[in-house]
> 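Okay, handing you the structure first.
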Amino acid sequence: MIELAEVSRTFLVGDRPVYALREITETFAEGEHVAIMGASGSGKSTLLNLIGCLDRPTSGTYRLDGRSVGDLSQSELTQVRRHKIGFVFQSFHLIPRLTAAENVELPMIFGDIPRRERRERVSAALAAVGLAERATHLPDQLSGGERQRAALARSTVMGPSILLADEPTGNLDSASGRVVLDLLDRMHGDGLTVIVVTHDAKVAQRAERIVVLFDGKVVERAAGGRIADVMAVLAAADEGPEEG
């Protein structure tokens with residue numbers, strides 16, 4: 001369970017505070033599939049970073065499974081990121097000199113998983129995303145879709161309960177994107193909590209519900225099937241005056 005209560009995040013630009021998020025109160029239930037939508041600069045990625053414990057709120061409270069994240073030490077936060085949360089990014093973040101298998105194995109090395117178990121988990125993770133035959137290939141020998149699938153295997157090899165995806169199909173062609181989205185759907189079906197940041201209606205409508213941000217605030221909540229209503233809200237917000 002992810003609980004955010006009046007969470008704000010500000011950054012200093014010179015001597016002036018700029019709000020990336022403004023008093024967000026939102027709950028993400030265990031096993032949900034949620035899409036976070038909004039224009040560039042709306043706070044989507046900032047919110048995902050806070051949920052993923054890569055950043056801390058300036059104010060407000062974030063509770064993960066009943067524990068206040070603000071009370072956790074750096075060591076405890078590292079353990080949360082390592083074992084509970086998986087991350088997938090638009091730009092893959094694979095290490096160029098490592099093969100697909102070695103990239104997938106990397107989190108387990110840092111997690112002190114025995115070598116034999118690492119190999120078994122790597123094989124299973126790559127097979128699950130359809131890359132068993134590409135295990136020894138370097139990232140530049142893989143297509144964009146294959147690289148994202150390798151990144152997806154890496155993000156889930158530690159057995160997280162939450163998967164955070166930031167524009168996971170943003171660098172992919174439509175066919176490769178559908179494969180990645182099908183994998184996310186399957187993982188959600190297996191019980192994984194999936195939270196996806198996207199500007200793409202086709203990605204968002206696969207979610208059970210959609211949260212829409214504008215200027216760091218939640219301006220709409222809707223079921224995934226109401227994507228037309230969501231797009232109308234986004235268009236209206238984009239045309240309206242910005243807050244000072």
Side-chain angles (χ1 to χ4, degrees), residues 1-30 32-82 84-91 93 155 160-168 170 193-200 203-204 207 209-222 230-231 233-244:
M1 175 75 76
I2 296 166
E3 300 170 279
L4 305 173
E6 297 186 350
V7 165
S8 295
R9 181 67 170 98
T10 60
F11 298 92
L12 282 177
V13 178
D15 59 354
R16 177 181 174 225
V18 175
Y19 277 86
L21 297 174
R22 297 173 182 261
E23 298 181 348
I24 301 289
T25 296
E26 195 69 40
T27 298
F28 301 88
E30 183 177 351
E32 263 200 304
H33 183 183
V34 182
I36 300 173
M37 295 193 77
S40 178
S42 62
K44 305 186 302 297
S45 295
T46 300
L47 180 57
L48 205 70
N49 287 340
L50 290 179
I51 293 171
C53 300
L54 296 173
D55 193 10
R56 293 179 186 261
T58 306
S59 62
T61 304
Y62 170 22
R63 302 183 71 84
L64 180 61
D65 292 338
R67 295 186 67 188
S68 174
V69 171
D71 295 337
L72 300 181
S73 67
Q74 286 298 329
S75 175
E76 289 172 320
L77 286 172
T78 297
Q79 291 304 310
V80 168
R81 290 190 297 264
R82 184 172 293 164
K84 191 171 187 63
I85 303 173
F87 300 88
V88 180
F89 301 97
Q90 179 175 346
S91 54
H93 292 325
S155 73
S161 57
I162 301 168
L163 181 64
L164 305 179
D166 195 349
E167 300 284 6
T193 301
V194 178
I195 302 176
V196 181
V197 158
T198 184
H199 67 279
D200 189 334
V203 175
R209 68 184 181 97
I210 302 170
V211 175
V212 182
L213 298 183
F214 181 75
D215 281 353
K217 295 181 179 181
V218 175
V219 295
E220 180 76 3
R221 298 175 179 89
V230 169
M231 299 309 291
V233 167
L234 284 170
D238 193 45
E239 291 173 2
E242 294 187 1
E243 297 185 8

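Since this is a predicted model, take the numbers as computed values, not measurements.
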> Between Ile51 and Phe28, is any pair of side-chain heavy atoms under 4.5 Å apart?
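A side-chain contact under 4.5 Å exists here.
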> Any idea which heavy atoms bring Ser155 and Leu163 closest together, and the distance?
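Nearest heavy atoms, Ser155 then Leu163: OG-CD1, 3.4 Å.
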> Write out all pairs satisfying ring-ring contact (aromatic ring centres under 6.0 Å, His included) with one or both partners inside residues 32-72, taking only residues at least two apart or from two chains.
His33-His188
> With rounding to the nearest 0.5 angstrom, report the CD1 to CG distance, Ile36 to Leu47.
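Interatomic distance, Ile36 CD1 to Leu47 CG, rounded to 0.5 Å: 4.5 Å.
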> Could you report the tightest heavy-atom contact between Ala207 and Ala35, atom names first, then the distance?
CB-N, 3.6 Å
> How long is the straight-line distance from CD of Gln79 back to CG of Leu72, given to the nearest 0.5 Å?
11.0 Å
> Exactly one of Asn49, Leu48, Thr46 should register a side-chain contact (heavy atoms from CB on, under 4.5 Å) with Leu54. Which one does?
Asn49
> Taking the side chain as everything from C-beta on, heavy atoms only, tell me whether Ile24 gets closer than 4.5 Å to Leu213.
yes
> For the atom pair OG (Ser59) and CD (Glu23), what is the distance rounded to the nearest 0.5 Å?
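Rounded to the nearest 0.5 Å, the OG-CD separation comes out at 7.0 Å.
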> Is Thr27 reaching over with its side chain to a backbone N or O of Glu3, donor-acceptor style, under 3.5 angstrom?
no
> What are the two closest heavy atoms between Cys53 and Arg81, and how far apart are they?
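Heavy atoms of Cys53 and Arg81 come nearest at O-NH1, 2.6 Å.
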> Within a strict 4.5 Å, meaning less than it, do heavy atoms of the Val69 and Val80 side chains meet?
no
> Taking all non-hydrogen atoms of both residues, which atom of Pro57 and which atom of Leu50 are closest, and how far apart?
N-CD2, 3.4 Å
> Could you measure the distance from the OG atom of Ser42 to the CG atom of Asp215? Nearest 0.5 Å is fine.
8.5 Å
> With a cut-off of 6.0 Å (strictly less than), are more than 12 heavy atoms of other residues, nucleotides or ligands near CD of Glu76?
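Check passes, neighbour count above 12.
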> Taking salt bridge (Lys or Arg N to Asp or Glu O under 4.0 Å) as the cut-off, I'd like each qualifying pair that reaches into residues 37-60, sequence neighbours left out, listed once.
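Sorted result for residues 37-60: Arg9-Asp55.
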> Measure across Leu234 and Ala39 and return the closest heavy-atom pair with its distance rounded to 0.1 Å.
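Taking Leu234 first and Ala39 second, the nearest heavy atoms are CD2-N, 4.4 Å.
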> Return the minimal non-hydrogen interatomic distance between Gly52 and Leu164, and the atom names on each side.
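For Gly52 and Leu164, the tightest heavy-atom pair comes out as CA-CD1, 3.4 Å.
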> How many angstroms lie between CE in Met37 and OG1 in Thr198, if you round to the nearest 0.5 Å?
5.5 Å
> Would you check if Lys84 and Pro160 make a side-chain contact, meaning some heavy-atom pair closer than 4.5 Å?
no
> Look up atom OG1 in Thr10 and atom CZ in Arg16, then write down how far apart they are to the nearest 0.5 Å.
12.0 Å
